[in-house]
Number of protein chains: 2
Amino acid sequence: MRLLIYKFLAEKKVAVTLSDTENAFVKADRTTLYRTIKTFVENDIVHQIDDGTGTIKYALCEVGCSCDIKTDLHLHFYCSNCNETVCLTDHKIPQINVPEGFISENVNLVVKGICNKCSSM
Amino acid sequence: MRLLIYKFLAEKKVAVTLSDTENAFVKADRTTLYRTIKTFVENDIVHQIDDGTGTIKYALCEVGCSCDIKTDLHLHFYCSNCNETVCLTDHKIPQINVPEGFISENVNLVVKGICNKCSSM
DNA sequence: TATGTAAATGCACTTCCTTTGCATTATTTT
DNA sequence: AAAATAATGCAAAGGAAGTGCATTTACATA
Ligand SMILES: [Mn+2]
Ligand SMILES: [Mn+2]
Ligand SMILES: [Zn+2]
Ligand SMILES: [Zn+2]
């Protein structure tokens, strides 16, 4: 199961929801898929993406990723036309300044708009 | 109802959930609160905040706000200690570069960490 | 190979939040 | 006052995340 799901995620170029996975593996129970992905997340194999749609999406981490805030946080792009979310792994999140007294531990940056595929149609 | 909810939001310094509003107006139905806030959102009086907690939060827009991507988008800070989300209206979101072909229409930037109140305790 | 142990799976169920349909009530307009 | 429009309350639906428990499968080792 883990190998199958890993393969599924690797072949996808976009982030997927649990439902997407469910549709791809109709014979497997939703709970199994859920817990498998959860295991991946806990072991820094997959990262979660909250793109504002209300449904968590998942994508494989880059090779060598340790989900570190300094080095691995990248920008996500959500296309409001095709509803797909892509990792822009080459676009690291810039340094964000917070007011005195605030301590930042994590940053989530989602750009919403039209993706390259949709804008060229 | 609209005046009451507006006043409630204006007095709050932090973003509130629908549940928060429900607790503040126990005599009103949650649907009414929901739809009132929805009206505010649709008329750029209130903006929605997705801070990653899974529950949408709401906050009054600044005076003169038109929810414009260029001028009005600001940073949000979610404190994982007190679970409060604040608008950092003075901290505008920096220019984000997206790859060729992508068109950005909106940006959501949430910093997660410890807020000033919690860090000073 | 047999058997005991640990891990993985499936099912049912819960919880939380958002949203909608529809009947009722209140408000505004003519 | 009557008609039209808007606001409210109740009930229910829907989606998604998460959990408890029994069962099945895989694995290690005697
Ligand atoms: Mn990503
Ligand atoms: Mn805000
Ligand atoms: Zn698209
Ligand atoms: Zn705090």
Side-chain angles (χ1 to χ4, degrees), chain A residues 1-9 12 14-60 67 76 78-80 82-85 106 108 110 112, chain B residues 1-9 12 14-60 67 76 78-80 82-85 106 108 110 112:
Chain A
M1 204 65 243
R2 289 180 184 170
L3 292 174
L4 288 173
I5 294 180
Y6 185 89
K7 192 153 169 284
F8 171 68
L9 291 171
K12 282 274 179 183
V14 297
V16 301
T17 64
L18 183 58
S19 287
D20 294 334
T21 314
E22 228 180 314
N23 295 331
F25 296 94
V26 282
K27 309 185 80 172
D29 188 77
R30 206 179 56 81
T31 314
T32 302
L33 302 170
Y34 168 74
R35 286 197 264 237
T36 301
I37 294 178
K38 189 182 179 190
T39 302
F40 284 162
V41 171
E42 289 168 350
N43 289 85
D44 290 350
I45 295 165
V46 161
H47 64 280
Q48 288 182 319
I49 304 159
D50 175 5
D51 60 9
T53 57
T55 311
I56 301 171
K57 291 182 180 172
Y58 305 93
L60 279 190
C67 289
H76 290 119
Y78 169 71
C79 175
S80 51
C82 65
N83 299 313
E84 286 189 343
T85 298
N106 205 344
N108 186 35
V110 178
K112 189 174 169 181
Chain B
M1 205 67 242
R2 289 180 183 172
L3 292 174
L4 289 174
I5 294 179
Y6 185 91
K7 192 155 169 285
F8 170 70
L9 291 170
K12 282 275 180 182
V14 297
V16 301
T17 64
L18 182 58
S19 288
D20 293 336
T21 315
E22 225 182 319
N23 295 331
F25 298 95
V26 282
K27 310 184 80 171
D29 189 79
R30 87 182 272 107
T31 313
T32 303
L33 302 170
Y34 168 74
R35 284 197 265 237
T36 302
I37 294 178
K38 190 182 179 188
T39 303
F40 285 163
V41 171
E42 287 167 351
N43 290 85
D44 290 350
I45 295 166
V46 160
H47 64 280
Q48 289 182 320
I49 305 159
D50 175 4
D51 60 10
T53 56
T55 311
I56 301 171
K57 292 182 180 171
Y58 305 94
L60 279 189
C67 291
H76 290 119
Y78 168 71
C79 176
S80 52
C82 63
N83 299 314
E84 286 188 344
T85 297
N106 205 343
N108 185 38
V110 178
K112 187 174 171 183

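Please read these numbers as outputs of a predicted model, since none were measured by experiment.
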Exercise. Would you kindly give the CZ-to-C1' distance between A/R2 and C/dT9, to the nearest whole Å?
Key: 11 Å
Quiz item: Can you pull the salt bridge (charged side-chain N to carboxylate O under 4.0 Å, His left out) pairs that have at least one residue in residues 39-55 of chain B, sequence neighbours excluded?
Solution: B/D51-B/K57
Practice problem: With sequence neighbours left out, write down each residue that passes side chain to side chain donor-acceptor pair (under 3.5 Å) with A/Q48, or none if nothing qualifies. | Solution: none
Quiz prompt | Other residues, nucleotides, ligands: >12 heavy atoms within 6.0 Å of A/Y6 OH | solution = no
Self-check item: Spatial distance of atom OH (A/Y34) from atom CD1 (A/I56) [nearest 0.5 Å]
Solution: 8.0 Å
Exercise. Look at the side chain of A/R35 against the base of C/dG10 and say whether a donor-acceptor pair falls under 3.5 Å; ignore hydrogens and angles.
Key: yes
Quiz item: With sequence neighbours left out, what residues match B/Y58 under side chain to side chain donor-acceptor pair (under 3.5 Å)?
Solution: none
Practice problem: Describe, as an angle rounded to 10 degrees, how the axis at the first end of the helix from C/dT1-D/dA30 to C/dT30-D/dA1 is tilted relative to the axis at the last end, five pairs per end. | Solution: 20°
Practice problem: Would you kindly give the CG-to-C1' distance between A/D20 and D/dA17, to the nearest whole Å? | Solution: 15 Å
Practice problem: Can you sort out the partners of A/K112 under salt bridge (Lys or Arg N to Asp or Glu O under 4.0 Å), two or more places apart, ordered by chain and number? | Solution: none
Write out a two-atom table: protein N or O, nucleotide N or O from nucleotides 17-19 of chain C, distance below 3.5 Å.
unit_1: C/dT18; atom_1: OP1; unit_2: B/I56; atom_2: N; d: 2.9
unit_1: C/dT19; atom_1: OP2; unit_2: B/Y34; atom_2: OH; d: 2.9
unit_1: C/dT19; atom_1: O5'; unit_2: B/Y34; atom_2: OH; d: 2.9

Quiz item: Who are the salt bridge (Lys or Arg N to Asp or Glu O under 4.0 Å) partners of A/E22, not counting sequence neighbours?
Solution: none
Quiz prompt | pair B/M1-B/L33: side-chain heavy atoms closer than 4.5 Å | solution = yes
Quiz item: Quick one: does B/I5's side chain get under 4.5 Å of B/F40's, heavy atoms only?
Solution: yes
Quiz prompt | A/E22 CD to C/dG10 C1', straight-line distance once rounded to whole Å | solution = 13 Å
Under 3.5 Å between N/O atoms: give me all the protein pairs with nucleotides 24-29 of chain C, atom names plus distance.
none

Quiz prompt | side chain to side chain donor-acceptor pair (under 3.5 Å) partners of A/N106, counting only residues at least two apart | solution = none
Quiz item: Side-chain N or O of A/T32 less than 4.0 angstrom from OP1 or OP2 on C/dA8?
Solution: no
Quiz item: In terms of the angle between their ring planes, are A/H47 and A/H76 parallel, tilted or perpendicular, with boundaries placed at 30° and 60°?
Solution: parallel
Quiz item: For B/D29 and C/dA23, what is the distance between atoms CG and P respectively, to the nearest whole Å?
Solution: 17 Å
Practice problem: Using the test side chain to side chain donor-acceptor pair (under 3.5 Å), find all partners of B/T17 that sit at least two apart in sequence or belong to another chain. | Solution: B/D20
Grab the N/O contacts between the protein and nucleotides 24-27 of chain D below 3.5 Å, and write none if there aren't any.
none

Quiz item: For B/F40 and D/dA7, what is the distance between atoms CZ and P respectively, to the nearest whole Å?
Solution: 11 Å
Quiz item: What's the CG-P distance between A/L3 and C/dT9, to the nearest Å?
Solution: 11 Å
Exercise. Check the distance between D/dG18's P and A/E42's CD and give it to me in whole angstrom.
Key: 11 Å
Self-check item: A/R35: salt bridge (Lys or Arg N to Asp or Glu O under 4.0 Å) partners, not counting sequence neighbours
Solution: none
Quiz item: Within a strict 4.5 Å, meaning less than it, do heavy atoms of the B/N83 and B/T53 side chains meet?
Solution: no
